[in-house]
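Quick note: numbers below take in every heavy atom, side chains included, and nothing from hydrogens, waters or symmetry partners. Given the structure is predicted, the values throughout are model-derived calculations rather than measurements.
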Amino acid sequence: MSLSYCQIDPVEALEGRATRITTAMAEGESKSRFKRQKVSDATDNDRANPYLSHMFEGNDAAGGHANGYGNGQTHDSAKGGMLASFKRHASTAKMAKVAEDGPNNPFKQGHQLSERYFGILKKRRDLPVHAQRQEFLDMFQKSQILVFVGETGSGKTTQIPQFVLYDDLPQLNGKMVACTQPRRVAAMSVAQRVAQELDVTLGEEVGYSIRFEDMTSQKTILKYMTDGMLLREAMNDHNLSRYSVIILDEAHERTLATDILMGLLKEVVVRRPDLKLIIMSATLDAQKFQKYFLNAPLLAVPGRTHPVEIFYTQEPERDYVEAALRTVLQIHATEPEGDILLFLTGEEEIEDAVRKINLEADEMIREADAGPLKVYPLYGTLPPMQQQRIFDPAPPPFKKGGRPGRKCIVSTNIAETSLTIDGIVYVVDPGFSKQKVYNPRIRVESLLVSPISKASAQQRAGRAGRTRPGKCFRLYTEDAFKKELIEQSYPEILRSNLASTVLELKKLGVDDLVHFDLMDPPAPETLMRALEELNYLACLDDEGELTRLGQLASEFPLDPALAVMLISSPEFYCSNEILSLTALLSVPQLFVRPASARKRADEMKELFAHQDGDHLTMLNVYHAFKSPAAQENQKQWCHDHFLSFRALQQADNVRLQLKRIMEREELELVSTPFEDRKYYENIRRALVAGFFMQVAKKDNKIYVTVKDNQNVLLHPSTVLGQESEWVIYNEFVLTSKNYIRTVTAVKPEWLLEIGENYYDLDTFSKGEVKTALMRVRDKVRKKQLIAGGR
DNA sequence: GCTATCATA
């Protein structure tokens with residue numbers, strides 16, 4: 001298909017390109033490769049600026065004589081105040097307007113509304129959703145479930161929960177309104193914005209709840225939270241009884257947590273007729289939500305955006321990176337002022353592209369009198385300081401009245417949803433992103449560069465119209481867009497290993513997984529694999545019921561194998577160490593290896609290396625990080641040792657959270673004395689308790705995974721030598737070859753002893769692994785016999 | 001001889 005590409009040497013491809021551009025410019029046909037198609041709406045959004053709040057003092061606690069001002073309505077009574085005449089689910093937009101107009105704060109007894117409040121109120125009433133407030137209320141009051149469609153810029157995330165507050169009055173019966181977000185930053189910044197809009201202190205009437213931070217109190221009536229957080233709460237309160245209304249925002253993103261919540265809430269609304277549910281989504285798939293929720297009524301509100309012109313290539317591009325670079329330079333040479341956003345797939349590709357654009361731009365400046373061009377990379381693992389640079393203003397022209405300067409941001413799809421950059425006028429979309437895929441047959445998750453969906457393409461285009469009309473250059477044909485791109489990306493639940501999810505569902509009280517009503521049910525094989533995995537981990541018994549161990553494991557925000565390893569670790573006298581290791585294994589890569597200093601980075605890593613493997617090496621790193629020498633200036637220390645400060649900090653944070661759960665569940669925190677000969681051996685044995693299913697055995701030169709019989713290689717980043725016969729691994733990475741990464745040497749006797757059920761040799765197919773294990777088993781038996789005989 | 005999209009508890 002035309003979206004695929006053949007890899008050609010990019011440098012070679014780039015040569016001869018400068019001429020092409022110059023010719024194109026000279027002939028005035030710079031956009032000849034593109035066919036103008038249609039005008040689409042782009043995005044704008046009113047989302048809160050997290051920095052905004054610092055501009056205001058934001059405290060009105062000093063004021064507040066309660067008196068019945070104006071409209072003869074009230075003095076502030078204990079119940080209602082400004083809202084005294086409101087009845088639950090019987091209010092009108094008009095009534096809300098009167099209450100909003102003050103002068104007293106309807107949600108904060110005895111407080112007058114501030115000047116800032118009225119300033120914001122004016123702007124709020126300009127938002128598209130406000131025109132349909134009454135319509136919204138009519139539907140909300142009539143129906144238990146409502147699907148709400150609002151394009152970006154409609155104001156749905158900030159306004160709808162407030163509309164709900166005025167009509168649901170959760171304070172009257174001690175309940176809350178919840179609004180979920182897929183991302184933590186969004187939950188935080190939206191809560192902050194809405195607290196301002198309601199003229200209350202963040203954390204009081206309006207709060208948020210995310211992992212590591214609960215910014216709510218007894219007073220809270222509106223709570224923004226991550227979808228994962230609400231799911232956690234559901235585990236201990238199957239009816240989510242603290243809430244009278246639950247709003248699932250950004251449902252179209254179809255995160256795993258959102259999908260599970262939808263399935264769950266579909267059941268909860270039956271048990272709780274008093275609970276109302278609002279599903280908020282972008283336009284495209286609204287009907288699908290409606291249908292899933294038994295034809296719930298739908299309300300649609302337009303967004304407010306600037307138009308974006310879309311251009312397609314006439315012919316498919318062979319090499320999307322080369323085509324992307326060419327397009328960026330062409331825009332710079334020929335288009336009026338405005339910044340550029342280019343979407344590529346990963347760190348290396350992006351750094352490479354940044355380098356090349358810089359080179360070419362310099363040449364254009366020298367030879368074609370082009371304006372200055374600042375190029376910035378953007379991806380998730382980029383240090384925050386460098387991420388911040390994308391917000392720097394574009395460079396000014398070289399001389400007054402000269403050709404305009406601009407910035408060009410080369411980004412992963414982090415700029416598609418998570419980060420918005422103002423001032424982007426041109427988007428270049430090659431049509432690819434890295435996506436997670438799961439192969440249940442070999443139980444491997446991997447990342448693959450794949451064509452994006454139509455919905456993603458639209459989202460990307462929208463990024464060009466945030467501040468004014470923009471243009472989007474799609475590096476594929478219109479035909480490819482129409483015929484080859486799927487409508488929506490596959491939801492995460494269809495692309496993941498579901499071991500964690502199945503454990504969560506069990507804990508949520510869902511017994512019959514097969515009949516659990518999910519919007520997109522995963523393949524039966526994926527479910528079977530998950531159940532099998534949990535059974536081997538002894539989290540589920542043979543009947544599929546949650547065991548005591550499974551109950552415990554579900555308390556931890558960890559993959560089941562990691563949770564089981566942690567819970568078992570006191571038996572191996574090393575729970576303190578496994579606690580650290582578990583935290584380290586659940587954060588991003590510790591070791592930093594910049595292209596410019598690979599050798600020095602490797603030398604530094606050598607300092608921490610442990611001959612028995614990467615897990616122990618990571619533990620050494622953590623211990624060194626916590627040593628007095630490093631604590632003095634952690635950041636510098638990490639930098640000097642080519643370690644990721646962010647990852648280590650995060651690991652510290654996770655460790656603390658896990659430790660609290662250990663203490664709550666009365667799991668002992670113990671260590672083998674460091675001087676003890678068995679210090680490291682105990683840790684390696686504990687590893688086996690969680691990862692006995694991820695073992696490989698050396699067979700001649702290559703390794704073969706146990707049971708799945710996959711040929712694998714040790715990842716070159718390992719500290720382990722080639723001589724270890726049996727290894728456990730943390731992950732299977734499928735790139736240029738099959739690699740196993742983060743590996744540690746183990747003894748086969750431990751596998752038979754600690755992973756007893758899995759290592760029932762009758763279940764093994766004939767082969768080198770089985771024969772070797774049988775030999776080990778016989779040896780162990782003989783030893784036991786002799787020992788027993790004495 | 002190394003290819004980490006983005007999130008989440």
Side-chain angles (χ1 to χ4, degrees), chain A residues 7 180-187 209-214 225-236 250 253-261 343-352 378-382 411-419 432-437 445-450 452 456 459 489 491-493 495-496 500-501 503-504 507-508 553-560 562-563 586-595 598-599 601-602 605 644 646-647 650 653-654 657-658 661 713-719 722 731 733-737 739-742:
Chain A
Q7 193 64 51
T180 67
Q181 298 292 320
R183 281 167 292 280
R184 298 206 301 228
V185 272
S209 178
I210 59 177
R211 188 183 189 181
F212 304 127
E213 200 184 356
D214 182 9
M225 62 205 302
T226 47
D227 47 13
M229 199 70 206
L230 186 61
L231 199 56
R232 274 279 140 186
E233 284 187 8
M235 286 183 195
N236 296 312
E250 316 288 358
E253 287 194 28
R254 303 291 308 278
T255 65
L256 241 168
T258 295
D259 270 18
I260 303 295
L261 278 171
F343 285 101
L344 289 178
T345 64
E347 174 176 342
E348 221 179 86
E349 200 176 82
I350 286 168
E351 291 292 356
D352 202 41
L378 176 63
Y379 44 86
T381 52
L382 201 68
S411 172
T412 60
N413 44 3
I414 191 171
E416 207 176 291
T417 47
S418 310
L419 260 172
F432 292 95
S433 72
K434 277 193 186 169
Q435 285 164 34
K436 185 168 75 178
V437 288
E445 274 183 0
S446 50
L447 286 172
L448 263 183
V449 172
S450 328
I452 59 172
S456 279
Q459 178 73 16
S489 310
E492 204 183 356
I493 199 167
R495 297 184 284 117
S496 309
S500 264
T501 305
L503 188 65
E504 277 167 18
K507 178 75 204 252
L508 287 163
S554 70
E555 293 292 324
F556 290 90
L558 292 170
D559 278 344
L562 282 171
S586 40
V587 299
Q589 180 75 294
L590 295 185
F591 299 100
V592 178
R593 201 163 175 269
R598 285 195 182 139
K599 203 161 160 236
D602 291 346
K605 190 173 172 183
S644 162
R646 240 205 309 184
Q650 224 176 314
N653 223 346
V654 174
Q657 188 190 28
L658 298 176
I661 302 173
L713 295 170
L714 297 185
H715 195 274
S717 66
T718 187
V719 299
Q722 291 289 326
E731 59 184 339
V733 283
L734 200 110
T735 50
S736 49
K737 295 194 175 94
Y739 289 110
I740 49 175
R741 188 160 51 188
T742 313

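In this structure, CD1 of A/Ile350 is placed 16 Å from P of B/dT3, rounded to the nearest angstrom. A/Leu447 places its CG atom 15 Å from the C1' atom of B/dC2, with the value rounded to the nearest Å. Rounded to whole angstrom, the span from the CD atom of A/Gln181 across to the P atom of B/dT8 amounts to 11 Å. Atom CZ in A/Arg598 sits about 8 Å away from atom C1' in B/dC2, given to the nearest Å. Rounding to whole angstrom units, CD of residue A/Glu445 and C1' of B/dT8 are separated by 13 Å. Here B/dG1 presents its P atom at 17 Å from CZ of A/Arg741, a figure rounded to the nearest Å. Taking atom NE2 on A/His715 and atom P on B/dA4, their separation rounds to 8 Å, with Å as the unit. With rounding to whole Å, A/Glu213 atom CD is found 16 Å from B/dT8 atom C1'.
Nucleic acid contact class of A/Arg184 (heavy atoms, under 4.0 Å, all strands): sugar-phosphate only. Within the nucleic acid shown, A/Thr226 comes within 4.0 Å of sugar-phosphate atoms alone, with no base atom in reach, counting heavy atoms only. At the heavy-atom level, A/Glu492 lies under 4.0 Å from base atoms of the strands shown. Residue contacts shown for A/Pro182 are limited to sugar-phosphate atoms, with no base heavy atom under 4.0 Å away. Residue contacts shown for A/Thr345 are limited to sugar-phosphate atoms, with no base heavy atom under 4.0 Å away. Among the protein residues, A/Ile210 comes within range of the sugar-phosphate backbone only, with heavy atoms under 4.0 Å from sugar or phosphate atoms but none that close to a base. At a threshold of 4.0 angstrom between heavy atoms, the contacts of A/Tyr739 are confined to the sugar-phosphate backbone, with no base atom among them.
Using a 3.5 Å distance cut-off with no hydrogens or angles, the side chains of A/Ser456 and A/Glu416 do pair a donor with an acceptor.
A donor-acceptor pair under 3.5 Å links the side-chain atoms of A/Glu492 to the main chain of A/Leu256, judged by distance alone. Distance alone, capped at 3.5 Å, places no donor-acceptor pair between the A/Arg741 side chain and the A/His715 backbone. Not a single donor-acceptor pair under 3.5 Å links the side chain of A/Arg211 to the backbone N or O of A/Val654. A/Lys605 places a side-chain N or O within donor-acceptor distance of the main-chain N or O of A/Ser717, the cut-off being under 3.5 Å.
Between A/Gln589 and A/Asp227, the residue anchored nearer the 5' end of DNA chain B, judged by the nucleotide with its closest heavy atom, is A/Gln589. Comparing A/Gln435 and A/Phe212 by the nucleotide of DNA chain B whose heavy atom lies nearest to each, the residue mapping closer to the 5' end is A/Gln435.
One finds a side-chain N or O of A/Lys434 lying less than 4.0 angstrom from the OP1 or OP2 phosphate oxygen of B/dA4.
Side-chain proximity of A/Glu348 to B/dG1, B/dT3, B/dT5: nearest is B/dT3. Across B/dT3, B/dG1, B/dA7, the shortest atom-to-atom separation from the side chain of A/Ile414 is found for B/dA7. You'll find that the side chain of A/Arg211 is closest to B/dA9, out of B/dG1, B/dA9, B/dC6. With B/dA9, B/dT8, B/dC6 as the choices, the nucleotide that has an atom nearest any side-chain atom of A/Tyr379 turns out to be B/dC6.
Closest approach of A/Ile210 and A/Ala187 over heavy atoms only: CG2-CB, 3.9 Å.
For B/dC2, its base sits under 3.5 Å from the side chain of A/Arg593 at one donor and acceptor pair at least.
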